[in-house]
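One structure is given below, encoded as structure tokens.
Values below: all heavy atoms of this structure, side chains included; hydrogens, waters and symmetry mates excluded.
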Amino acid sequence: MNYMDGFRRLEAAVHFRARLAGHGRALAGQGRKVHLMEVCGSHTMAIARYGIRGFLPEQVALVSGPGCPVCVTDPGLIDVAITLAGQGVIVATFGDMVRVPGSHATLAKARAAGGRIEICYSPLQALQLAIHHPESEVVFLAVGFETTIAPIVAMLDTAMRQGVANLSLLTAFKLVPPALDALLADPDIRIDGLLCPAHVSAIIGADAYRPYAERHGVACVVAGFEPLDILYGLDGLVEQLVTNKPCVDNQYSRVVKAEGNRQAQRLMAHYLEPAAAAWRGLGSIPESALVLRRQFARYDALQRHGLTLQPGRHNPRCLCGEVLKGKIRPRECSLFGVACLPEQPLGPCMVSSEGSCAAEYKYEEC
């Protein structure tokens, strides 16, 4: 038995199913149905993979949120990356971004047309590209939430210390709390509880969710990604709602601290400052992005190469924006499983390995 087996024990899952059924009866007695949102794309994928929706009573609805950084990225960012590739710049990016649609094309098509697009599995690989190709400009497509921002900034810190001068960042750094604020302010979206993202919470800390419980009365549980982590988290959320005692419960304390990772927070604050950002489905949200501070402008790809980020064109038939707000399930989009397929995705939620559409197509019956 290895370490992970302890988080996948069937008898424990049966125990949680019984507890959730009991909570469901309590909610039925109160005449209530509650709506939970899993914020993190990794949770979305694990929930689909392990069939966790099947453990929930009918009084509990579970929807996905905007917790996939690839999915919420505006097509305009892809357009800029394609322009850079066309100018002879080496564009380094995580793999999922290659197939995300821009306004008119993808990075995969730009690469087929001769653009230099390199796949990286870690930010350090972008640094190595810059070191090994001093004759070329290298731009790293820096997409991610707090979890990913910290290692990318650490990479930039290393590059600066080593005097690497041909590397810059095309940033699409996004912050989770402002997106949650926007969701909770939307009168058309009902959220009673948040299954809070584990990785992001390791950086920002469990205390970051206190405003949602204390001001908005929303139940919050920080949970890990193994199936028993998620069932334990859902059980905790529904129990808070049944007893009408919303709070922040950190059930991933083996990784997440109340205050988060102070060292990562200091590093991010040194290089980055808040800015407005466009989110797919959510529109422009104030101070929901992090951009390089003015004194580090030479590492900002937009300024370095004289480009401007413009809003991109979304496919009007793609409903990824509605999926990311939890308003619809993926299969409610007319393109899902018909014109939009994993091998030919029309929207980022089908492209991303953490996308709601990809999860539902791969693991749930269509």
Check: Is the side chain of T147 donor-acceptor paired with the backbone N or O of V200 at a distance under 3.5 Å, no angle test?
Finding: yes

Check: Listed by chain and number, what are the ring pair (Phe, Tyr, Trp, His ring centres under 6.0 Å) partners of F16, not counting sequence neighbours?
Finding: Y232

Check: Can you list the residues that meet the salt bridge (Lys or Arg N to Asp or Glu O under 4.0 Å) rule with E273, with sequence neighbours excluded?
Finding: R293

Next item on the list: With rounding to the nearest 0.5 Å, note down the distance linking CZ in R298 to CG in L292.
Entry: 12.0 Å

Next item on the list: Please list, chain by chain and in numerical order, all residues satisfying salt bridge (Lys or Arg N to Asp or Glu O under 4.0 Å) with E354, sequence neighbours excluded.
Entry: none

Notebook entry, point to check: Within the side chain of S352, is there an N or O that forms a donor-acceptor pair under 3.5 Å with the backbone of P348?
Noted result: no

Next item on the list: Return the set of residues passing salt bridge (Lys or Arg N to Asp or Glu O under 4.0 Å) with E322 (not counting sequence neighbours), or none when no residue passes.
Entry: K325

Notebook entry, point to check: Do other residues, nucleotides or ligands put more than 12 heavy atoms under 6.0 Å from R210 CZ?
Noted result: yes

Item checked: Check: D249/Q251 side-chain N/O donor and acceptor closer than 3.5 Å -> yes

Notebook entry, point to check: Can a salt bridge be assigned to the pair R254 and D229 using a cut-off of 4.0 Å between side-chain N and carboxylate O?
Noted result: yes

Checklist line | Results of ring pair (Phe, Tyr, Trp, His ring centres under 6.0 Å) for H270 - residues two or more places apart only | finding: F296

Margin query: Please check this pair: side chain of N166 against backbone of A130, looking for a donor-acceptor N/O pair closer than 3.5 Å.
Written below: yes

Notebook entry, point to check: Can you list every pair that meets side-chain hydrogen bond (donor to acceptor under 3.5 Å, both in side chains) and has a residue in residues 172-181, with sequence neighbours left out?
Noted result: D181-Y212

Next item on the list: Would you check if the side chain of Q125 reaches a backbone N or O of S122 as a donor-acceptor pair within less than 3.5 Å?
Entry: yes

Item checked: Ring centers of H199, F225 separated by less than 6.0 Å -> yes

Checklist line | Side-chain donor or acceptor of H132 paired with backbone N/O of Q128 under 3.5 Å | finding: yes

Next item on the list: Please answer whether the main-chain N or O of C40 pairs with a side-chain N or O of T44 as donor and acceptor at a distance below 3.5 Å.
Entry: yes

